[in-house]
Amino acid sequence: MNLVAWVRDLGSEAQEAWRYRELLGNLVERELQVRYKNSYFGVAWSLANPIARAFILWIVFDNIVPLGVPNYSAYLMAAFFPWTFFLTGVLDACDSVSRQMALVRKVYFPRELLPLATTIANLRHFMLSLGILAIYLIYLYGTKTYATGQLALPPTQFLLLPVLILMQTLLIGGLAFYLSAINVFFEDAKFLAAVVLDLLFYGVPIIYFIEQVRVMPGLPTALREVIYTLFLLNPMTVILVSYRNCLLEPRIMPAGRFGQANPLPINLGVPWPFFLLSVVLCIFIFLGGYSYFNRRKWRFVEQL
Amino acid sequence: MSAPDSPPAMAARNVVKKFTVGGSGYAGLKGRIGAALKRATQEKKIVVALDNLSLTIEPGETVALLGRNGSGKSTLLSLFANVMKPDSGEIAFPASIDPLHPRLSPLLEVGAGFHPDLTGIQNVYFNGAILGITRKEMEAREESILEFADFERPEYLNAPVRTYSSGMFIRLGFAVAIHTDPEIILVDESMAVGDEAFQQKCFAKMDEFHAEGRTIVFVSHDMNIVRRLATRAIWLSDAQIAADGEPDQVIRDYHKAFGIPD
């Protein structure tokens with residue numbers, strides 16, 4: 001298809017969706033209301049989850065099995081919370097259209113509001129969990145300031161945080177468009193996505209560091225470099241690595257941990273070339289997903 | 001009826017709508033693999049719901065759609081409600097203030113947008129939003145909506161709608177939909193429900209809409225309702241218009257075709 005026509009189509013669809021922005025706000029509200037329906041503590045539950053997770057990670061990895069990296073639990077959380085945003089964002093979006101077919105069949109509104117609403121509702125939950133992480137970080141940097149007598153601050157990459165949140169939201173929104181449209185015609189999509197995401201958890205650096213991939217024992221150097229590059233071609237890897245580098249300082253992992261022979265410097269910085277590539281990828285996945293969704297949205301109600 | 005040179009409220013021009021039935025069996029992975037294997041032998045069945053249908057409805061008309069199940073009534077209503085697009089042909093609203101965004105109020109199975117776990121009030125606001133009413137406008141209309149719904153026990157408004165009786169559900173849905181200041185009202189067989197007092201209230205509201213010059217299109221199998229409300233009746237049969245005109249005449253032809261005495 002002609003690129004100019006493609007952009008123009010996307011623009012006019014987006015303009016129509018923009019007319020309905022107030023409804024989008026209502027859909028987000030409804031997502032949040034329904035999630036904690038009938039529960040006594042309501043939205044407070046969306047805080048309980050990250051608090052419990054932060055606490056358990058701190059107990060296990062800083063107290064029971066310390067790995068020689070100070071405040072290891074903070075490094076885990078800095079990747080774990082964004083991962084949870086990705087996981088729940090993508091899974092909730094899968095049936096965002098198919099579970100609301102009663103509405104879709106009866107009333108006109110831009111259908112793309114449905115996957116967008118689950119994405120934004122999950123973004124709101126993620127912001128709450130970032131708030132919990134922020135409290136922990138203030139405590140960490142605060143105690144360091146007190147101990148050294150010098151003001152301790154997060155790395156300067158900290159300023160990148162809004163960009164990171166935006167690119168991750170675009171990535172989730174793009175996948176939400178693809179999966180919610182596919183799931184209307186093919187209801188296995190949601191289960192398939194759940195399996196793939198479960199495996200992907202181990203394929204992105206959450207419970208390990210990207211630097212460890214580069215020194216994997218028992219492999220030739222050339223192969224390790226190829227694997228390392230493949231990791232960084234995945235935008236979620238780049239996003240998780242960058243969150244860590246935004247929030248926390250580099251560290252040295254002592255020798256012997258996880259099997260590496262020498263002390264290993266970790267959390268070394270944002271991988272810039274791959275970061276820029278990921279920004280481009282996230283934008284393309286979002287626009288491509290939107291276009292894919294638009295080409296199918298008028299056929300949703302024709303499923304008999 | 002308005003002068004012939006003024007634009008119609010609603011127009012369908014050479015509208016064709018077909019559906020594919022069976023065939024690929026989209027239900028799941030197993031079905032899909034099975035369908036792929038069978039594709040060589042199995043033919044997809046194509047059902048023509050509307051076959052080159054053209055009609056115009058003038059502003060202020062109250063039109064009843066008659067016809068047996070599967071005759072295309074609901075498809076036509078869905079096309080006017082803009083939840084479907086025709087395969088070919090055109091649907092237009094030339095008399096609307098904004099012809100691309102006519103203010104429609106679809107009373108198609110009222111309350112379809114209600115979420116069972118949200119309260120009556122929450123659903124009223126959400127339903128209003130989906131019909132294009134801002135929160136401010138909704139606040140101004142809330143009292144009038146609740147008065148129209150007329151719950152014997154108002155405390156139910158703060159209970160989840162899954163605890164409602166079907167009558168309450170429909171009354172609330174209907175109440176929201178008629179408070180949206182619509183140019184065009186589309187009604188799909190929902191007036192036959194609710195108790196008699198509520199039905200009378202709905203008829204009174206339809207009369208009021210009619211007196212205000214709004215356009216109404218409704219589907220009904222109840223000829224008494226058609227005679228009571230409609231200024232024009234259209235009988236759909238086999239994806240085409242079989243008769244179009246005075247309600248009494250069209251009902252007579254319709255009954256004659258099926259051998260039903262008047």
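Letters go in sequence order (proteins before strands), and every chain restarts at 1.
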Cationic tip of A:R111 within the cone over A:F109's six-membered ring, i.e. under 6.0 Å and within 45° of the normal?
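That pair qualifies as a cation-pi contact.
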Please say whether the positively charged group of B:R171, taken as NZ for Lys or CZ for Arg, lies over the ring of B:F148, i.e. under 6.0 angstrom from the six-membered ring centre and within 45 degrees of the axis.
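Cation-pi check for B:R171 and B:F148: fails.
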Does the separation of the ring centres of [X] and [Y] fall below 6.0 angstrom?
{"X": "A:Y292", "Y": "A:Y178", "answer": "yes"}
{"X": "B:F80", "Y": "A:Y108", "answer": "no"}
{"X": "B:F114", "Y": "B:Y164", "answer": "no"}
{"X": "A:F85", "Y": "A:F80", "answer": "no"}
{"X": "A:F177", "Y": "A:Y290", "answer": "yes"}

Please determine, among B:S105, B:G128, B:A129, the option with the most heavy-atom pairs under 4.5 Å with chain A.
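That would be B:A129.
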May I ask you to name which of B:L131, B:I130, B:L118, B:T134 has the most heavy-atom pairs under 4.5 Å with chain A?
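That would be B:I130.
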So, for A:M236 and A:P82, which heavy atoms are closest and what is the spacing to 0.1 Å?
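Nearest pair, atom of A:M236 first, then A:P82: CE-O, 4.4 Å.
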What's the verdict on side-chain contact (heavy atoms from CB on, under 4.5 Å) for A:L114 and A:V104, showing C-alpha distance, side-chain angles and the deciding distance?
CA-CA 10 Å; A:L114 295 173; A:V104 172; 3.8 Å; yes
So if I take each residue of residues 95-104 of chain B and look for any heavy atom under 4.5 Å from a heavy atom in chain A, which residues do I end up with?
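Residues of residues 95-104 of chain B touching chain A at under 4.5 Å: B:D98, B:H101.
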Hey, mind stepping through B:D181 and B:R214 against salt bridge (charged side-chain N to carboxylate O under 4.0 Å, His left out) and telling me if it holds?
CA-CA 10 Å; B:D181 188 25; B:R214 300 178 206 253; 2.9 Å; yes
Does anything in residues 21-31 of chain A reach chain B? List residues with heavy atoms under 4.5 Å apart, or say none.
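Hits under 4.5 Å: A:E22, A:L23, A:N26, A:L27, A:R30.
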